[in-house]
Amino acid sequence: VLIAQLSDFHVRRADDPFPGIPDTAESLGRAAAALAGGRTAADVAVLTGDIVDRGLPEEYARMREALAPLRMPLLALPGNHDSRDALLAAFADQPWRTEIDGFVQYAVEDWPVRILCLDTTIPGRTEGELCDRRLDWLAERLEERVDSPTVVAMHHPPFATGIGYMDAWGLVRGAGRLASILGAHPQVERVICGHIHRSVQRRWAGTVAMVAPSTAHQIELDLRPEPDMAFRLEPPGYLLHAMGPDRALVSHLVPVGDFGPARSFGDGEPVG
Ligand SMILES: [Fe+2]
Ligand SMILES: [Fe+2]
């Protein structure tokens with residue numbers, strides 16, 4: 001099983017560009033083309049939030065156009081820039097439905113690895129939370145199949161990354177109880193997140209927690225106590241989480257850009 005993870009597209013309307021950032025829908029289109037043209041086809045793509053920038057239906061329509069090259073199921077969950085209702089409407093053709101009214105949370109059981117999508121958003125706020133209702137749902141799902149390797153997907157990472165202002169806008173409630181739930185369920189192979197717009201990994205609550213880069217702009221890596229709030233046009237990318245016969249996940253970072261073809265070590269010429 002190969003799980004692609006794409007994050008933080010921040011798609012806007014064509015007439016509403018970000019200052020200093022190339023069109024985010026075009027960036028998403030390049031990521032989708034790279035994934036669709038990859039050497040190994042992904043079975044499913046998990047979209048870990050900030051799918052659009054202002055929560056507008058027109059932005060979701062542009063986003064789906066950019067994702068047109070992808071033929072695998074698309075599992076979407078909201079980030080702080082999304083609108084739950086517009087997101088659900090934009091993905092109504094996909095084979096999942098939210099399982100808690102008022103949130104976008106659901107389990108997907110179609111592969112040897114289970115995927116549990118969580119909603120960490122607070123409408124109108126940048127920071128995130130997991131309330132008892134959402135965490136009760138997670139605990140119940142994990143109890144159902146304690147022997148099934150599981151990925152938990154969520155927008156706000158549950159750990160501090162060291163980028164101060166992003167951490168202040170992080171998961172401000174529920175991380176402690178989430179840690180105790182995950183710590184009691186060693187079948188959780190990965191926690192996969194977005195929000196930070198760069199690749200970050202940490203051992204957390206007995207599992208491995210990872211953040212995917214954005215398909216658009218990256219957050220400046222600034223670990224000083226008073227970081228500049230800034231972006232940088234570093235290579236965008238996505239993650240591939242591959243499950244092998246030993247039922248462990250191996251995660252790969254795939255940068256997106258024009259890096260030329262794969263070349264032979266023998267003569268330096270492009271290979272098939
Ligand atoms: Fe974002
Ligand atoms: Fe975010």
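All ligand and atom numbering here is 1-based and tracks the order in the structure. In this chain, residues are counted from 1 in sequence order.
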For Thr126, which residues count as a side chain to side chain contact (heavy atoms under 4.5 Å, CB included) partner, sequence neighbours excluded? Asn80, Trp169, His195

Could you point out which residue of Asp53, Leu47, Thr24, Asp50 forms a side-chain contact (heavy atoms from CB on, under 4.5 Å) with Phe9? Leu47

Keeping waters out of it, list the protein N, O or S atoms under 2.8 Å from the Fe ion (ligand 2). Asp50 OD2, Asn80 OD1, His155 NE2, His195 ND1

Arg133 to Phe103, cation-pi by 6.0 Å centre distance and 45° axis angle: no

Residues Arg141 and Glu109 bridged, charged N to O under 4.0 Å: no

About how large, to 10 degrees, is the angle NE2 of His197, then the Fe ion (ligand 1), then NE2 of His10? 90°

Give a yes-or-no answer on whether the side chains of His241 and Gln5 include a donor-acceptor pair shorter than 3.5 Å. yes

Would Asp136 and Arg177 pass as an ion pair if we require N to O under 4.0 Å? yes

